[in-house]
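Naming convention: chains lettered A, B, ... in sequence-line order (proteins, then strands); numbering from 1 in each chain. None of the values given here were measured: they were computed from a predicted structure.
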Number of protein chains: 2
Amino acid sequence: MQNSEAIALSAALLAVAGELTQRIHEGVVARGFEGVRPAHGFAFTRLAPDGATVTDLAAHLGVTKQAASQLVDELVRKGYVERRPHPGDARARLIVLTELGWACTRAAEEAAAEAVRPWVELLGEGEVRVLRAQLLRIAPYGPIRPAW
Amino acid sequence: MQNSEAIALSAALLAVAGELTQRIHEGVVARGFEGVRPAHGFAFTRLAPDGATVTDLAAHLGVTKQAASQLVDELVRKGYVERRPHPGDARARLIVLTELGWACTRAAEEAAAEAVRPWVELLGEGEVRVLRAQLLRIAPYGPIRPAW
DNA sequence: ACAGATGGTCAAGTTGCTTGACTAAGTCTG
DNA sequence: CAGACTTAGTCAAGCAACTTGACCATCTGT
């Protein structure tokens with residue numbers, strides 16, 4: 001594969017990812033969830049379904065645990081998550097989604113489905129399935145980080 | 001397409017994009033270009049091949065022109081770009097890549113090719129070509145923004 | 001020709017992250 | 001089972017990339 005092809009692939013991928021993030025975010029806001037940023041969505045994916053500690057969250061987001069803790073503060077203030085005592089480790093706390101947090105997560109899922117719909121119209125259902133399968137095969141197992 | 005499938009597709013796409021951005025960045029740093037951030041790369045893609053104004057750059061990156069101007073300051077200080085008088089508009093300035101800027105761009109292209117290589121090994125050359133074609137079809141024409 | 005739009009910068013404020021220092025609780029060793 | 005080390009979490013201060021607001025110089029349209 002030539003460099004120029006790799007560039008075209010990379011540029012297209014990043015453009016699509018940026019667009020997708022923005023559309024999901026807009027969709028969530030349009031459904032009435034204000035004061036949430038895209039980074040919160042990535043936190044939610046780690047907190048669902050059973051919660052996680054601040055340290056887990058920090059690793060998932062690729063930030064320091066102080067930053068993760070501040071993010072949790074903000075989400076608590078806005079009512080999306082709760083800090084609970086951790087069963088079996090008195091130092092730790094289990095951060096869990098509130099009902100509002102779950103509602104927001106469902107809104108994000110709907111927004112994602114909506115954002116993907118044009119792709120189905122463009123490529124057809126089968127091709128999108130192929131795309132998903134390909135991306136799943138090359139997706140890293142590690143933390144999901146901001147793209148930049 | 002079900003919501004859960006759209007979620008899986010979105011998550012995989014964003015994970016791959018995050019990974020890709022990080023690998024390209026690491027590759028550029030490994031080639032000796034320090035003090036560059038991923039956002040600079042997106043600026044470079046707009047500045048090549050003929051330069052652009054600060055306002056163009058701001059629109060491309062999806063930030064204010066003040067932010068774009070500050071970014072240009074930084075790139076000038078580090079030797080990657082130059083501000084030139086704009087031919088035909090005395091208000092504007094044409095921001096162009098220096099030789100160092102071009103070298104950095106080539107390094108990013110090599111790093112991108114390197115980051116994509118494992119995908120070829122995983123999926124095969126043909127499948128990657130399909131992936132590229134699909135992404136190019138759904139890629140937006142608009143500005144390339146940070147994913148979040 | 002002059003009113004308004006546009007390109008760019010300066011200055012100040014906000015925000016989301018970092019590094020550093022610390023406490024409380026768990027774990028491992030002898 | 002005591003003492004040293006590690007780990008979870010927070011507090012505090014600083015930094016860096018952005019924002020908003022104000023401003024001047026230049027271009028454009030009637």
Side-chain angles (χ1 to χ4, degrees), chain A residues 18 21-22 25 29 34-44 46-47 50-78 80-96 143-148, chain B residues 18 21-22 25 29 34-44 46-47 50-78 80-96 143-148:
Chain A
T21 302
Q22 199 180 341
H25 180 245
V29 170
E34 295 195 12
V36 286
R37 289 175 290 116
H40 296 154
F42 291 88
F44 285 10
R46 183 64 187 82
L47 295 178
D50 297 319
T53 66
V54 165
T55 300
D56 290 339
L57 206 49
H60 182 71
L61 297 174
V63 299
T64 60
K65 49 185 189 166
Q66 290 92 324
S69 186
Q70 287 172 13
L71 193 143
V72 169
D73 282 343
E74 188 187 344
L75 290 176
V76 167
R77 205 178 333 113
K78 292 175 177 168
Y80 292 106
V81 309
E82 261 179 16
R83 281 185 227 256
R84 299 207 174 164
H86 192 289
D89 190 341
R91 295 170 304 174
R93 306 214 193 170
L94 196 61
I95 317 297
V96 296
I144 299 187
R145 304 162 183 278
W148 69 90
Chain B
T21 301
Q22 199 181 341
H25 181 244
V29 170
E34 296 193 11
V36 286
R37 288 175 291 117
H40 296 153
F42 292 89
F44 286 10
R46 183 65 187 79
L47 295 177
D50 297 320
T53 66
V54 165
T55 299
D56 289 340
L57 205 50
H60 182 72
L61 297 174
V63 297
T64 60
K65 48 187 190 166
Q66 290 91 324
S69 185
Q70 288 172 13
L71 192 142
V72 169
D73 282 343
E74 188 187 343
L75 291 175
V76 167
R77 205 177 334 114
K78 292 175 176 170
Y80 292 106
V81 309
E82 259 178 17
R83 279 185 230 256
R84 298 207 175 165
H86 192 289
D89 190 341
R91 294 170 304 176
R93 307 210 188 175
L94 196 61
I95 317 298
V96 296
I144 300 187
R145 304 162 183 275
W148 68 88

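Where B/His86 and A/Gly88 each meet DNA chain C at their nearest nucleotide, the meeting point lying more 5' is that of B/His86.
Separating the CZ atom of A/Phe42 from the C1' atom of C/dG16 is a distance of 16 Å, rounded to the nearest angstrom. Atom C1' of nucleotide D/dA8 and atom CD1 of A/Ile95 are separated by 11 Å, given to the nearest angstrom. One interatomic measurement links the two molecules: CG of A/Leu71 to C1' of C/dC17, which rounds to 11 Å at whole-angstrom precision. To the nearest angstrom, P of D/dA16 lies 16 Å from CG of B/Leu75. For the pair A/Asp73 CG and D/dT10 P, the interatomic distance rounds to 7 Å; values are reported in whole Å. For the pair B/Leu94 CG and D/dT26 C1', the computed distance is 17 Å after rounding to whole Å. Atom CZ in A/Arg77 sits about 12 Å away from atom C1' in C/dT15, given to the nearest Å. Atom CZ of A/Arg37 and atom P of C/dT15 are 10 Å apart (whole Å).
Scanning both residues, B/Arg46 and B/Ala52, for their nearest heavy atoms gives NH1-CB, 3.7 Å. Residues B/Ala92 and B/Thr53 approach most closely at CB-CG2, 4.3 Å, considering heavy atoms. Contact detail for B/Tyr80 and B/Glu34: the closest heavy-atom pair is OH-O, 3.4 Å. B/Pro38 approaches B/Thr21 most closely through the heavy-atom pair CB-CG2, 3.9 Å.
Applying the 3.5 Å distance criterion, the base of C/dT9 shares no donor-acceptor pair with the side chain of B/Gln70.
Side-chain atoms of A/His25 come within 3.5 Å of backbone atoms of A/Val36 as a donor-acceptor pair (strictly under, hydrogens ignored).
Each end of the helix from C/dA1-D/dT30 to C/dG30-D/dC1 gets its own rotation axis from five pairs of C1' atoms, and the angle between them is 30° to the nearest 10 degrees.
For the atom pair CG (A/Leu94) and NE2 (A/His86), the distance works out to 5.5 Å, reported to the nearest 0.5 Å.
B/Ala67 comes within 4.0 angstrom of a base, heavy atoms only. Base engagement by A/Thr64 is indicated by at least one non-hydrogen atom pair under 4.0 Å involving a base atom.
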Close N/O contacts between protein and nucleotides 20-25 of chain C (under 3.5 Å):
unit_1	atom_1	unit_2	atom_2	d
C/dG20	O6	A/Gln66	NE2	2.7

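Applying the side-chain hydrogen bond (donor to acceptor under 3.5 Å, both in side chains) test to residues at least two apart or on different chains, the pairs with a partner in residues 66-76 of chain A are A/Arg37-A/Glu74, A/Asp73-A/Arg83, A/Glu74-A/Lys78.
Annotation: side chain of A/Leu47 is not in contact with side chain of A/Val96 (no heavy-atom distance under 4.5 Å). The side-chain heavy atoms of B/His40 and B/Leu71, taken from C-beta on, include a pair separated by under 4.5 Å.
When the side-chain nitrogen and oxygen atoms of B/Ser69 are compared with OP1 and OP2 of C/dG8, none of them lie within a distance under 4.0 Å. Within the structure, a side-chain polar atom (N or O) of A/Thr55 is placed less than 4.0 Å from OP1 or OP2 of D/dG9. Under 4.0 angstrom from either OP1 or OP2 of D/dG9 there lies no side-chain N or O belonging to A/Arg83.
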